[in-house]
Number of protein chains: 2
Amino acid sequence: MATTTQPGPRERLLTAAQELFYARGPAVGVDALLKEANVARRSLYEHFGGKDGLVAAVLRRAADEDLAWYEQALAGSTDPRRRLLGLFDRLDELVSNDEFRGCRYFASDLTFADPDHPAHAETEAFRQRLRELLVRELKALGHRRPARAAEQLHLLIEGTLVMGATQDGQRPARAARDLAALVLD
Amino acid sequence: MATTTQPGPRERLLTAAQELFYARGPAVGVDALLKEANVARRSLYEHFGGKDGLVAAVLRRAADEDLAWYEQALAGSTDPRRRLLGLFDRLDELVSNDEFRGCRYFASDLTFADPDHPAHAETEAFRQRLRELLVRELKALGHRRPARAAEQLHLLIEGTLVMGATQDGQRPARAARDLAALVLD
DNA sequence: GTCGTGATAGACCGACCAGTCTATCTATCA
DNA sequence: TGATAGATAGACTGGTCGGTCTATCACGAC
């Protein structure tokens, strides 16, 4: 066979949905997802039970990927302080990219107004894991109040993502980095 | 007449839409808006041309109100530094309220994916006015780099609103206030 | 009185939505 | 060879969407 083995429909759906949810928002229709993934309608309901299940599965996978991205962004140095500041340098690259569309977790929370929607549990879990990652780094730094500093860094990160999504041409991550440096001391 | 004169349909629509857009998101259906405002369907299209026009009109009015809120939040003192820090105290009250649903401008940007949607011009205008307000205060404070500091305060404000909308029970405005104090020096 | 204006109520339209269903095809395995 | 499982294509349902339309009503000006 000349063609490489194609992933199964479940995998194709996850990949296509992750991309479309990010590019066009979590409100994209099921038809668009199926077309993009080249998957039969029935397969979606077999594998995920419905659109809500697909949304939750995509968020779960994205959370793993994004946390891996954060870990890698920290990996530029062994010095705890440089690691955290380097994170904002990576955020600067991320946010400056034309393809950047903002935080997918916040977009999910806003799109699905129903507080019982399974998406909210996933976004909450992601934020918890991100927070724990920040606390871990701050403890490694020997920070006096790691929990409070993590809250501040988290706020700076969220602020950077919002500014990056709405204010084209600026460099919010640089402003956030300077503030982050103050948080660390 | 015992009943006070009722505002016209245009006014009722604006009021109802402003409330419902905030409480349920800008994706609420036209039917719900008409029912809440007790207005005939046709009146909406006579006055605003369509839902998009109503959305833009609501954002324009909300921008005036919100900027007045910011002005009032600054009015607690004549000392430039206390004025800006007091703003974050007011944000703390705003965000701690159970009714707080996040930033309506960012929610509008996320809901209307089409970049040509008239909502985007309104949200952009609001952010510009907010930024000018911050620059004005920083200049009154005699800050060395008012534009840059305004960007940082703006980032702290947006971050506070996101955290307040997603992290229940925390006090992000306090964390932001401490960072704002560092920005001012 | 009558005309015009601006409002009301609500039927109606085509488009799209998520989800269900039938029928068909294609592998793998016995 | 035949049975089974998993996938495909796509018709179809009921509901909601934004928007258009007709018909009626209330009121002020002339």
Side-chain angles (χ1 to χ4, degrees), chain A residues 1-18 20-21 23-59 107-108 110-114 116-120, chain B residues 1-18 20-21 23-59 107-108 110-120 122:
Chain A
M1 298 287 287
T3 63
T4 58
T5 309
Q6 192 183 213
R10 188 190 145 89
E11 198 61 22
R12 276 179 287 153
L13 253 181
L14 277 174
T15 304
Q18 188 167 347
L20 281 189
F21 285 158
R24 294 200 226 163
V28 268
V30 166
D31 286 338
L33 297 171
L34 298 174
K35 190 178 178 185
E36 178 77 13
N38 256 303
V39 153
R41 200 170 189 77
R42 181 172 189 145
S43 300
L44 187 159
Y45 294 91
E46 292 281 340
H47 285 291
F48 300 101
K51 190 191 175 184
D52 289 357
L54 176 60
V55 168
V58 166
L59 288 174
S108 294
L110 282 178
T111 301
F112 305 110
D114 176 9
D116 294 331
H117 193 286
H120 298 304
Chain B
M1 297 287 286
T3 63
T4 58
T5 310
Q6 193 183 212
R10 186 189 147 89
E11 198 61 22
R12 276 179 290 158
L13 254 181
L14 277 173
T15 304
Q18 187 167 346
L20 281 189
F21 284 158
R24 294 200 225 161
V28 268
V30 166
D31 287 339
L33 296 171
L34 298 174
K35 190 177 178 185
E36 178 78 12
N38 255 303
V39 153
R41 200 170 186 78
R42 181 170 189 147
S43 300
L44 188 158
Y45 294 91
E46 291 282 341
H47 285 291
F48 300 102
K51 190 190 176 187
D52 289 357
L54 176 60
V55 168
V58 166
L59 287 175
S108 294
L110 283 177
T111 301
F112 306 109
D114 176 10
D116 294 331
H117 192 288
H120 298 305
E122 302 297 333

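Proteins come first, then strands; the chains are lettered A, B, ... in the order of their sequence lines, and each starts at number 1.
Of all heavy-atom pairs spanning Leu59(A) and Ser108(A), the tightest one is CD2-OG, 3.6 Å. Heavy atoms only, all atoms of each residue included: Ala17(A) and Val58(A) are closest at CB-CG2, 3.6 Å. In terms of heavy-atom proximity, Arg24(A) sits nearest to Ala32(A) at NH1-CB, 4.1 Å. Nearest approach of Leu34(A) to Leu44(A), heavy atoms of both residues: CD2-CD1, 3.9 Å. For Leu33(B) against Leu54(B), the heavy-atom pair with the smallest separation is CD1-CD2, 3.9 Å.
Rounded to whole angstrom, the span from the CG atom of Asn38(B) across to the C1' atom of dT8(C) amounts to 11 Å. Spacing between atom CD of Gln6(A) and atom C1' of dG6(D) amounts to 14 Å, rounded to whole angstrom units. Summarising the geometry, the separation between CD on Glu46(A) and P on dA9(D) is reported as 15 Å, rounded to the nearest angstrom. One can place CG of Leu33(B) at 8 Å from P of dG18(D), the figure rounded to the nearest angstrom. When the P atom of dG6(D) is taken as reference, atom CZ of Arg10(A) falls 14 Å away, rounded to whole Å. Residue Phe48(B) contributes atom CZ, which lies 15 Å from atom P of dG18(D) at whole-angstrom precision. The nearest whole Å value for the distance from the CG atom in Leu13(A) to the P atom in dA7(D) is 11 Å.
When heavy atoms are screened at a 4.0 angstrom cut-off, Arg12(B) is found touching the sugar-phosphate backbone but no base atom.
Formation of a donor-acceptor pair under 3.5 Å by the His120(B) side chain with backbone atoms of Phe112(B) is found in this model. Between the side chain of His47(A) and the main chain of Glu11(A), no donor-acceptor pair closer than 3.5 Å is present.
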Going 5' to 3' along nucleotides 14-24 of chain C, which nucleotides have protein heavy atoms under 4.0 Å from the base (write B), which only from the sugar-phosphate (write S), and which from neither (write -)? ----BBBBBB-
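When the side-chain nitrogen and oxygen atoms of His47(A) are compared with OP1 and OP2 of dG6(D), none of them lie within a distance under 4.0 Å. For dG6(C), neither phosphate oxygen OP1 nor OP2 lies less than 4.0 angstrom from any side-chain nitrogen or oxygen of Ser43(B).
Summarising the base pairing, dA30(C) is matched to dT1(D) through a Watson-Crick or G-U wobble pair whose two defining distances lie under 3.5 Å.
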